Structures are given as structure tokens and as C-alpha cells.
Amino acid sequence: MGFINSFFVAIIFSFFIFHANATNVTHDGRAIIIDGVHRVLISGSIHYPRSTAQASMWPDLIRKAKEGGLDTIETYVFWNAHEPVHRQYDFSGNLDLVRFIKTIQDEGLYAVLRIGPYVCAEWNYGGFPVWLHNMPGVSFRTNNDVYMNEMQNFTTLIVDMMKKENLFASQGGPIILAQIENEFGNVMGPYGEGGKEYVQWCSDMADSLGVGVPWIMCQQKDAPKPMIDTCNGFYCDEFKPNNPSSPKMWTENWTGWFKSWGGADPHRTPEDLAYAVARFYQKGGTFQNYYMYHGGTNFGRSSGGPYITTTYDYNAPLDEYGNPNQPKWGHLKQLHDVLRSMEYTLTRGDVKNIDLGNSIWATVYSTKEKSSCFLSNSDNVTDAEVRFGGTDYSVPAWSVSILPDCGDEAYNTAKVYAQTSVMVKKSNKAEDEPNSLEWEWRPENIEKTAVQGKGDHHANQIIDQKAMANDASDYLWYMTRVELANDDPLVTEKATLRVTDSGHVLHAYVNGKYIGSQWANYSSQKYVFEHEVKLNPGKNLISLLSATVGLHNYGPMFDLNVTGVLSPVELVAHKEDGKVVKDLSSQKWSYKVGLDGVANKLYETDCPSKLKWASDSIPVDRNLTWYKTTFKAPLGKAPVVVDLLGLGKGHAWVNSHSLGRYWPSYIADQHACKAEACDYRGPYSDKKCVSKCGEPTQRWYHVPRSFLKDGDNTLVLFEEFGGNPSRVQFQTVEIGTACINAHVGKKVELSCHDRPISRINFASFGDPQGVCGAFKKSECESTVDAVSILEKECVGRESCSFQVSEDKFGKAYCAVNRLAVEAIC
Ligand SMILES: *[C@@H]1O[C@H](CO)[C@@H](O)[C@H](O)[C@H]1NC(C)=O
Ligand SMILES: *[C@@H]1O[C@H](CO)[C@@H](O)[C@H](O)[C@H]1NC(C)=O
Ligand SMILES: *[C@@H]1O[C@H](CO)[C@@H](O)[C@H](O)[C@H]1NC(C)=O
Ligand SMILES: *[C@@H]1O[C@H](CO)[C@@H](O)[C@H](O)[C@H]1NC(C)=O
Ligand SMILES: *[C@@H]1O[C@H](CO)[C@@H](O)[C@H](O)[C@H]1NC(C)=O
Ligand SMILES: *[C@@H]1O[C@H](CO)[C@@H](O)[C@H](O)[C@H]1NC(C)=O
Ligand SMILES: CC(=O)N[C@H]1CO[C@H](CO)[C@@H](O)[C@@H]1O
């Protein structure tokens with residue numbers, strides 16, 4: 001008896017342990033259901049390799065996401081970062097996926113794990129390892145055994161790693177959803193039947209892994225049950241899942257856009273982003289994810305494209321360095337708080353849509369206990385005054401008002417009263433740090449390549465750079481010799497070298513002498529380089545240095561996109577009676593992967609090689625040149641950047657950590673910016689509201705605090721194009737000015753983060769005009785001195801919050817009373 005009793009107790013006990021920890025995640029056609037509760041989930045993407053685990057960057061980002069009203073963090077898993085060499089894995093540093101998911105768990109948030117393993121994400125080769133491309137018989141994203149075997153092997157490895165640490169919700173962990181594949185539906189046409197079979201295989205394979213949480217497939221109209229197909233885009237209000245038992249989920253709501261070399265700064269307004277989110281929940285959505293919530297930095301050679309910049313700021317609610325991008329962050333936080341307060345009615349209520357005319361719709365969600373309402377105005381020009389439920393509301397063009405009890409307006413997407421923070425760069429120099437850095441330099445050794453033409457590999461054809469370099473470096477030398485007779489027209493006539501190129505950067509040398517370079521941009525790639533050359537009778541050496549700027553990451557069969565120098569490579573003699581063309585493509589070519597300086601580890605702080613650096617006559621505008629300097633970290637805790645204005649293009653390292661590619665000489669297209677001011681109204685696209693045309697696409701480069709140490713730090717630059725390092729400096733990024741522009745009745749906060757507010761530059765209650773940095777008083781203004789009120793309350797403090805009211809700021813008799821404040825940090 002006693003034995004049987006304790007036997008049962010043991011069973012019940014283990015049953016309870018399992019259940020006490022496990023979180024039950026299911027769904028119906030309405031919402032994700034967690035432990036029986038229908039949820040409104042608000043998620044944001046943070047990609048762990050794009051920030052650092054150390055110096056608290058991950059915990060800080062996740063805490064700010066939580067404070068910003070998110071309950072879920074979504075990330076991709078980056079296959080080529082984790083398995084750079086077949087079956088050799090890296091989960092160290094900022095690739096420590098387990099630690100990242102545990103950091104999310106520590107903050108009490110949920111996680112969505114998008115394993116892919118294809119990720120797109122403007123990430124090098126979309127996350128596919130290049131060795132996979134080089135496997136015999138492989139064909140990506142279709143019914144192909146070599147490919148599917150590797151995909152399953154990596155997916156299983158990740159799932160097992162998560163299971164081992166009990167990270168799935170079914171085990172008590174934070175992961176509530178997992179994703180297989182990624183946006184395949186957009187491109188699958190050209191894959192034909194093989195593509196369809198592959199989708200079914202992905203679904204079966206994922207399902208067989210027994211993760212105990214639902215799987216999603218984004219932008220996959222034919223996602224088989226039980227996969228949930230989800231929407232990605234700037235707007236997803238019209239999206240309908242392919243299956244009535246799948247909830248309406250938005251896995252990528254683009255908060256801004258990425259940037260490419262030669263491109264201007266993209267900007268998506270907080271008003272439009274909030275409008276898109278509010279519309280989505282108004283129209284039955286219950287899960288949405290900001291892509292990106294924090295974009296971060298493409299360290300190393302991780303950016304894709306080609307031509308994606310090192311910054312991946314994305315104009316996201318948290319900026320590249322982790323600072324709140326205000327007012328976007330704060331405006332969305334207010335929206336999240338309101339939406340969450342309506343969770344029950346939104347996920348359980350009956351829905352009624354009422355057409356109020358002129359593009360105005362009311363949506364009423366009602367349960368027995370409570371009703372919640374949305375009023376949307378999708379006209380992109382006309383503000384509306386509407387009467388609804390016996391009350392008058394003003395709903396500006398392209399906005400949504402939310403009435404949590406169908407009474408008072410708690411939120412309108414176009415009425416922004418979160419603080420605007422204008423970020424500035426400060427020098428914050430450490431004591432004794434000189435005003436300009438002292439440099440050492442040495443040339444990249446091109447004797448063996450450009451001068452002698454010696455390679456490590458040989459072939460009688462031009463080989464694709466991916467196949468030859470296996471993505472071990474951006475750089476690949478292509479070298480060939482041409483023997484010419486004295487009377488060859490290539491010797492006797494004017495001659496040119498013509499190189500077909502896939503669109504990355506090309507530097508050409510003939511007989512050891514530099515003759516020219518060419519490159520392209522994100523929107524226009526393939527080109528033909530043509531340059532006059534002086535050829536000798538006898539032997540001539542043609543050396544071509546190709547530098548990739550990130551591999552393709554998107555499109556049907558993007559993995560097959562050619563890379564590096566292409567056929568044909570020709571010498572052309574320009575005779576009076578026509579051209580004579582000599583095709584060099586099937587000659588013997590020698591190949592050399594990578595830079596000599598990298599092989600000699602010149603970027604390492606304690607460079608072990610015997611190679612000497614010179615410290616006199618620092619060269620300017622000399623290409624293929626290494627520069628080195630030491631510096632002390634700027635004081636304080638604010639994020640650090642290095643200003644590389646004056647340099648051309650290359651790669652930067654601090655204390656042996658790669659900061660990524662730099663290219664401050666690439667100037668943003670002068671014509672991309674529009675003359676008219678940015679109007680949040682009307683559909684957003686990445687061409688709208690761009691700024692900083694005619695300026696370097698990226699001048700500042702993030703140096704995470706965790707890369708820095710006390711005392712001397714080392715910066716090493718490999719300069720490819722030629723530049724001048726004398727103006728390089730380290731700076732911090734901090735709030736310079738904080739502004740408020742809010743209607744009467746709003747509670748607002750003014751904050752300089754962790755520094756005191758030093759001055760109130762402007763304050764006016766009434767009808768102030770202009771924008772932060774350029775406010776102006778109007779004739780309609782209260783007689784109470786708003787500046788001195790705020791000086792008393794705010795100056796000397798890190799933040800102050802108050803109600804915008806007539807009690808405080810006096811009577812003003814304008815049409816609508818507002819307060820505008822500009823504070824200096
Ligand atoms: C999980 O939740 C679903 C739906 O709420 C319910 O049907 C199911 O019984 C639950 N499973 C467990 C193990 O509690
Ligand atoms: C992946 O493949 C290797 C062989 O290359 C094998 O040893 C390993 O078990 C596989 N992993 C999984 C999770 O299937
Ligand atoms: C990209 O290059 C093409 C061809 O040179 C040019 O027409 C286009 O304006 C460039 N675009 C940008 C964004 O620089
Ligand atoms: C690369 O792929 C894209 C689309 O996948 C295609 O439009 C483009 O022509 C390709 N470029 C080259 C150089 O092959
Ligand atoms: C405004 O909406 C109209 C009609 O819906 C459309 O034709 C027009 O392009 C939109 N304007 C802007 C700026 O988006
Ligand atoms: C490389 O150096 C040469 C000679 O100093 C110069 O003419 C050329 O413009 C440089 N190349 C690039 C890409 O800057
Ligand atoms: C990749 C993708 O889904 N792109 C779509 C995103 O949304 C924009 C605007 O809604 C569409 O134009 C893109 O095709």
C-alpha cells in the first residue's frame with residue numbers, strides 16, 4: 001500500500017513539476033493562447049549578433065524594449081555566423097544564442113525564434129554558409145537532398161540546443177513560437193514543383209522536431225497545417241491567413257528601412273508607424289512584430305546586399321547604439337499600453353465595423369463586460385470631425401483614435417507628445433588625450449600579387465569569387481600573364497583592358513602598376529570596367545583585385561548570383577580599321593585569397609608579426625595602406641563612435657574586434673531627397689522621407705563599450721582607396737536637446753537620460769509654431785512665464801514630468817492650447 005501510494009505521489013509530483021513550469025502555447029483563429037488566455041502580443045526584432053552581449057548591451061536593449069511596452073523579442077538565427085566552416089561551430093561572444101534567449105527570459109519576456117535557417121535580413125548571403133553553395137550537387141531551397149540534409153542538421157542542432165536548456169515554453173522557457181524558412185512564398189514561382197515539395201518538407205521536418213510550440217512560416221500563402229502563415233510589410237491590415245484557425249499575425253512590420261552605400265538616410269515617421277500598428281489591431285490582428293525594434297550594427301563582414309552599410313540602424317525605436325529613438329520609442333510605448341489594456345475585448349469581443357463615410361471607419365469590439373472602439377481616418381489629406389456614440393471626435397488624416405471604453409480618446413496615432421531627443425556627438429576626451437591621434441602606417445604587401453602574379457590556386461578559367469574564396473575574405477586577386485609579340489597590335493596600337501564585373505569593387509594593375517578602379521551600388525550592379533593600358537612586347541601581367549561588399553541576400557535563387565570578376569576579361573587593340581579583341585578568360589589564371597596584412601594579423605593589438613610600422617611621413621591618399629593608432633576611451637558610459645571622415649573605403653578594428661567595413665567617401669545620392677518636407681500622411685515607402693543627401697552615407701562607426709578597455713586601445717584601419725586619417729576621432733553619442741510639443745491635458749516627461757537638464761531654451765504655452773530646434777512663439781500665448789516654471793522644476797535634474805494644463809501654465813485663448821519646450825542637456 002505504502003509503496004503504491006508513494007508510486008502515485010511520484011507520478012503526480014513529476015506531472016506537477018512539468019506543468020508548474022510549462023507554458024501552454026496554442027492558438028485559434030483569433031489569437032495566440034498562452035495558458036488559456038487569448039493574448040494581444042507586441043513583439044520587436046533584436047538580432048543578437050548586431051549588438052554585444054558584454055558591457056550589458058543585450059540586457060539594456062531588452063529592458064528598454066520591455067519598458068517600451070513589448071512583451072516579446074524576436075530574432076533570427078544566423079547559420080553562417082554559427083557554422084562558418086562545415087561542422088565547426090561558434091556560439092561565443094555575441095553569437096551566444098542561449099545567453100541571449102536567457103537574457104530575454106530574465107526580463108520576463110517571451111521569445112520568437114526564427115530559425116530559418118534562411119534569414120534574408122540584409123545579412124551576408126541571407127545567412128547561408130558559402131560552403132553550402134560549394135557542396136557538390138547542392139541546390140538551395142528546393143527538394144534537394146544535399147541541401148535538405150544540411151538544413152535539417154542545423155535546424156535540429158539549434159532546436160536541441162534550446163531544448164537542452166529548457167528554453168521552449170513547453171519546457172518552461174520563453175520561446176512561444178518558432179519559424180521555419182522565411183519569405184519563401186515571395187520568390188517560390190521559379191522553383192516550380194520542387195519549391196512546393198520543399199515547403200511541405202519544411203513543414204513536416206519542423207513539426208517532427210517536437211518543440212511543443214506553434215511554428216510559423218512568414219509570407220507563405222500555401223503554408224501547410226499546422227504551420228501558421230504570417231504577414232511581412234509596411235502595412236498588414238488587409239492580410240488574411242490561409243487557414244481559418246490561424247490568427248492574424250504580422251511578423252515584420254518595417255519600422256524604417258535599411259541603408260546602402262550611396263543611399264540617403266531612411267526615416268519612417270512615428271505617426272505613420274503607429275497608424276500601421278493601430279490599423280492592424282483595429283482590423284483583427286493580435287500579434288505584431290517590429291522589424292527592427294533595434295537594428296544595430298553589421299560588425300565584421302556580416303552585411304549583405306551587396307552594398308548594405310555597416311550601420312543597421314533601420315530608424316528603429318532603439319537607435320544603432322541602443323538609445324531610445326525619440327519620439328518614435330515613446331509614441332509607440334503609449335500605443336502599446338493602450339492596446340494591452342484592451343486585450344480581452346480585442347481577442348474575445350464581437351466585432352462590428354461601421355462606415356462613417358469619407359474613409360472614416362469605426363470598429364467596435366464588445367464583450368458583456370466592456371466595449372473598445374477604434375476610429376480610423378485613412379484619407380491621406382483631410383482631417384475629420386466625426387460624431388460617434390453621441391460625442392464629437394477630431395480624427396486627423398491618416399490616423400487612428402483609440403477609445404478603450406468607446407468614450408474618451410486615449411490615443412491618436414498622429415498626436416505625438418513623447419519627447420523628441422536630438423542626439424549629438426561629443427568628444428568627452430580622457431585626460432591627457434591629445435587633440436589628434438598619432439598614426440603609424442605600413443603598405444599592404446602586393447609584391448607577390450600585383451608585381452609577381454603569384455597565387456595559391458590555378459585554373460584555366462575565371463572562377464566565381466564565392467567558389468574560390470569560400471567567403472574567407474572580401475578580397476581575391478585574379479592574375480594572368482599575356483605574352484605579346486613585338487608587332488602585336490596590342491603593343492603597337494592604343495590598347496585597353498576590359499573587365500566584366502559582377503558589381504563589387506575592382507582594382508586593376510598591369511605589370512605591377514595601378515591603372516584604375518570601379519564599383520557600383522545597391523541598385524545597379526554588373527558593370528564593364530575599361531581602361532587604357534600600356535602593354536610591353538614579351539610578358540605582361542594583369543592583376544585584378546576584387547573586393548566584395550556583402551553577398552546577395554534576397555531574390556529567387558539569389559545564391560546563384562555571380563560574384564567577383566566575370567568572363568570575359570579582354571585586351572582590346574584599337575586599330576584604325578577596327579578593334580582586335582583578345583579574350584583572356586580561358587587563359588591560365590592564378591588566384592590569391594585575402595590580404596597579406598590580414599594573413600600577418602596586422603589588425604591584432606599585440607601584432608605578433610615582425611612586420612614594422614613606420615611612424616614618420618604618414619601617407620595621405622595612398623591606397624592599400626594600413627594605419628594604426630592608440631587612444632583612450634572617451635569618458636562616461638554613453639555609446640562610443642569613431643568619426644572616419646577623410647578616409648576612403650576599407651575595414652576597421654578596435655583591439656582586434658572588427659567594427660565592419662567603412663566607406664565614408666561614398667556620398668549619398670544628391671537627388672534622392674525631395675524638396676518638400678516629410679509628410680507622414682499617405683502610404684510609406686523607402687523612397688519617402690529620406691535625408692542627408694550629398695553627405696557621406698556612413699561617417700560614424702559604432703565602437704561598443706565592450707570592445708574598449710582602460711588605458712590604451714588600438715585602432716587599425718585597412719585603407720583600400722586612399723584617405724587621410726588625420727581627422728579621425730572618437731566621440732560619444734548623447735542627447736543634446738530634448739523637446740516637448742503637447743496638447744493641453746497630456747502628461748509629459750522631459751529627460752536627458754542620465755545627465756542633468758542644463759537649460760530651458762524655449763517654452764511657450766498657447767499656439768507655438770515650428771519644430772524642435774526651431775520653435776517660435778505666436779501671438780496667442782499665455783502670460784505666465786513658462787520658461788521660469790520649467791527652470792525651477794527641471795534644470796539640474798535628469799528628468800521632470802508634469803501635466804500640460806492651464807492650472808500650471810495659465811490661460812491661453814488659442815483654438816487648441818499646446819505647450820512647446822526645448823531643453824538643453
Ligand atoms: C493547452 O491549451 C489548450 C487551449 O487553451 C487546451 O485545449 C489544452 O488542453 C491545453 N493543454 C494542456 C496540456 O494544458
Ligand atoms: C549533423 O551531421 C553530423 C555529420 O556530419 C552528425 O554527426 C550529426 O549528428 C548531425 N546532427 C544532427 C543534429 O543531425
Ligand atoms: C547607382 O549607380 C547607377 C549607375 O551608375 C546610377 O545611375 C544610380 O544613380 C546610382 N544610384 C545611387 C543610389 O547612387
Ligand atoms: C543577381 O540576382 C538578381 C536577382 O536575384 C538579378 O536581378 C541580378 O541580375 C543578378 N545579378 C548578377 C550580377 O548576376
Ligand atoms: C492620397 O490618396 C490618393 C487616393 O487614395 C492617392 O491617389 C494619392 O497618391 C495619395 N497621396 C499620397 C501623398 O500618398
Ligand atoms: C589609388 O591610388 C592611385 C594612385 O595614387 C589613385 O590615382 C587612385 O585614385 C586610387 N584608387 C582609388 C580607388 O582611390
Ligand atoms: C518582401 C515584401 O514582402 N515586400 C513587400 C512589403 O510591403 C511593401 C509595401 O506594402 C510591398 O511593396 C513589398 O512588395
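Everything quoted here is computed from the prediction, not taken from an experiment. Atoms within each ligand, like the ligands themselves, are counted from 1 in listed order.
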Handout entry: Short N or O distance, Asn521 and ligand 3, threshold 3.5 Å exclusive
Key = yes
Practice task
Assess the pair Trp663 and Tyr701: is the distance between their ring centroids shorter than 6.0 Å?
Solution key: no
Problem - Sub-6.0 Å ring centroid separation between Phe258 and Tyr522 - result: yes
Handout entry: Heavy-atom protein neighbour under 4.0 angstrom from atom 11 (N) of ligand 3
Key = yes
Problem - Between Phe721 and Trp519, ring centroids under 6.0 Å - result: yes
Exercise for the section: Look at atom 4 (C) of ligand 3 and say which protein heavy atom is nearest, naming residue and atom and giving the distance to 0.1 Å. Expected result: Ser524 OG, 3.6 Å
Exercise for the section: Run the salt-bridge test on Asp474 and Arg301 with the 4.0 Å N-O cut-off and return the result as yes or no. Expected result: yes
Problem - Within-cut-off N or O pair, Thr156 and ligand 2, under 3.5 Å - result: no
Problem - Closest protein heavy atom (residue, atom, distance) for atom 2 (O) of ligand 2 - result: Asn153 ND2, 2.2 Å
Exercise for the section: Please check if the distance between the ring centroids of His47 and Tyr291 is under 6.0 Å. Expected result: yes
Practice task
Using distance alone, decide if ligand 2 has a nitrogen or oxygen within less than 3.5 Å of any nitrogen or oxygen in Arg87.
Solution key: yes
Exercise for the section: Answer yes or no for Arg141 and Tyr118: cation-pi contact, defined as NZ/CZ to six-membered ring centre under 6.0 Å and angle to ring axis within 45°. Expected result: yes
Practice task
Answer yes if a protein heavy atom lies under 4.0 Å from atom 7 (O) of ligand 3, otherwise answer no.
Solution key: no
